[in-house]
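Before I ask anything, let me first share the structure, which is written out below as structure tokens.
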Amino acid sequence: MIPEVIVRDLASRIGAVSATELTNWQAVSGGSINQAWQFRYRSHGFFVKFNHAARYPGMFEAEADGLKRLQSAGIRVPEVIAFGSSGAFTWLLQRLIVSGRRAVDFEEHFGRLLASLHRHSADGFGHVPDNWIGSLPQRNANCDRWTDFFREQRIDPLLREAISLKLLPPDAAQYAERLFSNLENLFPSEPPALLHGDLWSGNRMTGEDGLPVWIDPAVYYGFREMDLAMTRLFGGFDRRWEDAYREIYPLTPGFEERVELCNLYPLLVHVVLFGGGYADDFLRCLRYYSGVK
């Protein structure tokens with residue numbers, strides 16, 4: 001059950017006189033990191049997730065920041081009511097999203113929104129506070145060049161961690177160095193794009209009107225194909241959205257050859273989190289792009 005200290009603070013934040021006015025509590029499944037519940041106060045529905053404060057410091061503050069950045073760029077997200085701490089816990093409070101049946105143009109609408117999001121740029125890559133991807137810290141220190149950011153903020157730190165945990169063999173570092181020396185030839189030059197950052201199918205909901213609602217971002221300014229490639233990694237996307245995207249923001253030639261290159265990062269995240277077959281997939285891609293057949 002949700003700790004009483006959190007319930008009391010939630011009641012205060014939404015203007016309830018007593019915690020007993022918060023009713024219809026239901027546990028929400030699907031998350032593997034935090035506990036999540038939905039409840040009602042009068043005629044309004046709310047969603048809250050929480051965790052021990054010492055486990056993932058700053059996670060909910062970073063998520064709230066990411067949601068607000070997406071919202072400012074015209075993306076529909078759950079409304080953030082508040083985030084805070086209660087005793088040994090931290091929490092994030094949002095308006096409850098009521099799910100509906102997908103509209104016939106759901107994917108096309110999603111593609112146009114993603115293209116519009118990627119038109120939002122910044123002075124450099126990263127360019128947002130450090131945040132989290134899943135349960136892993138994600139570094140977003142500003143870099144002038146995407147290739148530097150990809151190497152220093154994405155691949156290298158997690159690769160070293162995976163090797164130290166014996167999830168990857170030591171020679172993976174040698175393959176990575178070969179890859180790093182050739183990144184300028186592999187990635188085209190494009191401006192930084194505001195990314196969702198963790199764009200798998202589980203992070204899209206269907207709103208009551210049948211249109212997309214985006215959740216659980218890991219935002220940063222990066223190479224836009226990172227978002228596009230991740231939609232291919234685990235499936236769950238109808239490719240009609242890509243046609244709508246390309247109509248608004250055409251892709252640089254060679255995208256298909258870069259999909260697995262972009263997915264080195266989410267694969268490496270999964271290596272560190274879950275190990276197993278993800279390590280084989282990551283090594284296969286790493287060897288290919290490092291020139292080792």
Side-chain angles (χ1 to χ4, degrees), residues 1-16 19-53 55-100 102 106 109-110 113-114 117 128-135 138 194-220:
M1 184 60 184
I2 185 167
E4 291 185 8
V5 64
I6 297 179
V7 177
R8 291 197 300 269
D9 284 349
L10 294 178
S12 175
R13 288 299 184 102
I14 61 178
T20 59
E21 294 185 78
L22 279 52
T23 61
N24 298 93
W25 288 92
Q26 294 181 353
V28 178
S29 61
S32 59
I33 302 171
N34 305 299
Q35 293 193 53
W37 292 75
Q38 67 182 52
F39 65 93
R40 299 196 67 80
Y41 170 60
R42 297 180 178 175
S43 60
H44 302 291
F46 296 88
F47 171 85
V48 61
K49 51 186 174 180
F50 69 95
N51 214 316
H52 290 276
R55 186 170 295 169
Y56 305 114
M59 174 179 280
F60 296 134
E61 180 178 1
E63 182 174 345
D65 175 78
L67 289 169
K68 290 177 180 178
R69 289 177 187 273
L70 293 179
Q71 186 177 45
S72 296
I75 302 300
R76 187 177 176 193
V77 299
E79 179 187 353
V80 174
I81 305 299
F83 59 87
S85 58
S86 302
F89 303 97
T90 55
W91 45 265
L92 176 65
L93 176 65
Q94 302 167 295
R95 294 281 182 190
L96 181 67
I97 296 296
V98 178
S99 296
R102 283 192 173 183
F106 177 93
H109 191 81
F110 172 78
L113 284 174
L114 186 59
L117 176 68
V128 301
D130 291 349
N131 49 30
W132 297 76
I133 182 162
S135 59
Q138 180 170 261
L194 181 57
L195 307 183
H196 176 281
D198 193 9
L199 200 55
W200 69 290
S201 61
N203 284 342
R204 297 191 309 173
M205 294 181 64
T206 305
E208 196 169 12
D209 59 359
L211 296 178
V213 180
W214 305 32
I215 63 172
D216 295 348
V219 302
Y220 63 99

ask   = Take atom CD in E4; do more than 12 heavy atoms of anything else shown fall under 6.0 Å from it?
value = no
pair F39-I14: side-chain heavy atoms closer than 4.5 Å =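 Yes. Closest side-chain heavy atoms under 4.5 Å.
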inquiry  = Is any side-chain heavy atom of W214 closer than 4.5 Å to one of L113?
reply    = yes
remark   = Separation between CG (L22) and OH (Y41), nearest 0.5 Å, reads 8.0 Å
request  = With the side chain counted from C-beta on, respond yes when R13 and I81 share a heavy-atom pair under 4.5 Å apart, and no when they do not.
outcome  =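 Counting from C-beta outward, R13 and I81 never come under 4.5 Å.
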Test applied, side-chain contact (heavy atoms from CB on, under 4.5 Å); reference residue, V219; option that passes from K68, H196, R69 = R69
query = Taking atom CH2 of W25 and atom CZ of R40, what is their separation to the nearest 0.5 Å?
reply =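 Between atom CH2 of W25 and atom CZ of R40 there are 12.5 Å.
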For G202 against I215, the heavy-atom pair lying closest together =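 Of all heavy-atom pairs spanning G202 and I215, the closest is O-CD1, 3.8 Å.
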request  = Determine whether P212 and H109 make a side-chain contact, defined as any pair of heavy atoms from C-beta on separated by less than 4.5 Å.
outcome  = yes
Closest contact, heavy atoms only, I33 versus G134 = CD1-C, 3.3 Å
note = Taken to the nearest 0.5 Å, the spacing of L10 CG from F50 CZ works out to 10.0 Å
ask   = Quick one: does F110's side chain get under 4.5 Å of L199's, heavy atoms only?
value = yes
ask   = How long is the span from the CZ atom in R55 to the OG1 atom in T90, to the nearest 0.5 Å?
value = 10.0 Å
query = Could you give the distance from CD (Q38) to CD1 (I97), rounded to the nearest 0.5 Å?
reply =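 Between Q38 CD and I97 CD1, I get 11.5 Å after rounding to 0.5 Å.
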query = Any sub-3.5 Å donor-acceptor pair from D216's side-chain atoms to D198's backbone N or O?
reply =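 Looks like no, no N/O pair under 3.5 Å.
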ask   = Do P78 and F47 have side chains that get closer than 4.5 Å, going by heavy atoms?
value =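 No, too far: nothing below the 4.5 Å cut-off.
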Test log, rule side chain to side chain contact (heavy atoms under 4.5 Å, CB included), inputs W132 and E63 = CA-CA 8 Å; W132 297 76; E63 182 174 345; over 6 Å; no
query = Is there a side chain to side chain contact (heavy atoms under 4.5 Å, CB included) between Q94 and L67 once you walk through the steps?
reply = CA-CA 11 Å; Q94 302 167 295; L67 289 169; 3.2 Å; yes
ask   = If every non-hydrogen atom of L70 is compared with every non-hydrogen atom of P217, which pair is closest and at what distance?
value = CD1-CB, 3.7 Å
query = Hey, are the side chains of Q35 and I2 touching, using non-hydrogen atoms and a 4.5 Å cut-off?
reply = no
task = Please check if the side chain of H44 supplies one atom and the backbone of L96 the other of a donor-acceptor pair under 3.5 Å.
result = no
key: Spacing of L93 atom CG and W37 atom CH2 [to the nearest 0.5 Å]   =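 Going from CG on L93 over to CH2 on W37, the span is 15.5 Å.
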remark   = Heavy-atom nearest pair, D9 first then S85, reads OD2-O, 3.7 Å
inquiry  = Determine whether W91 and K49 satisfy the following criterion, side chain to side chain contact (heavy atoms under 4.5 Å, CB included), listing intermediate values before the conclusion.
reply    = CA-CA 6 Å; W91 45 265; K49 51 186 174 180; over 6 Å; no
inquiry  = Testing the basics here: between S99 and M205, what is the closest heavy-atom pair and its distance to 0.1 Å?
reply    =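 In terms of heavy atoms, the two residues are closest at OG-CE, 3.7 Å.
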key: For the student: nearest non-hydrogen atoms of N131 and A218, plus distance   = ND2-C, 3.9 Å
task = Decide yes or no for N34 and F60: does some side-chain heavy atom of the first lie under 4.5 Å from some side-chain heavy atom of the second?
result =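 Contact flag for N34/F60 side chains = yes.
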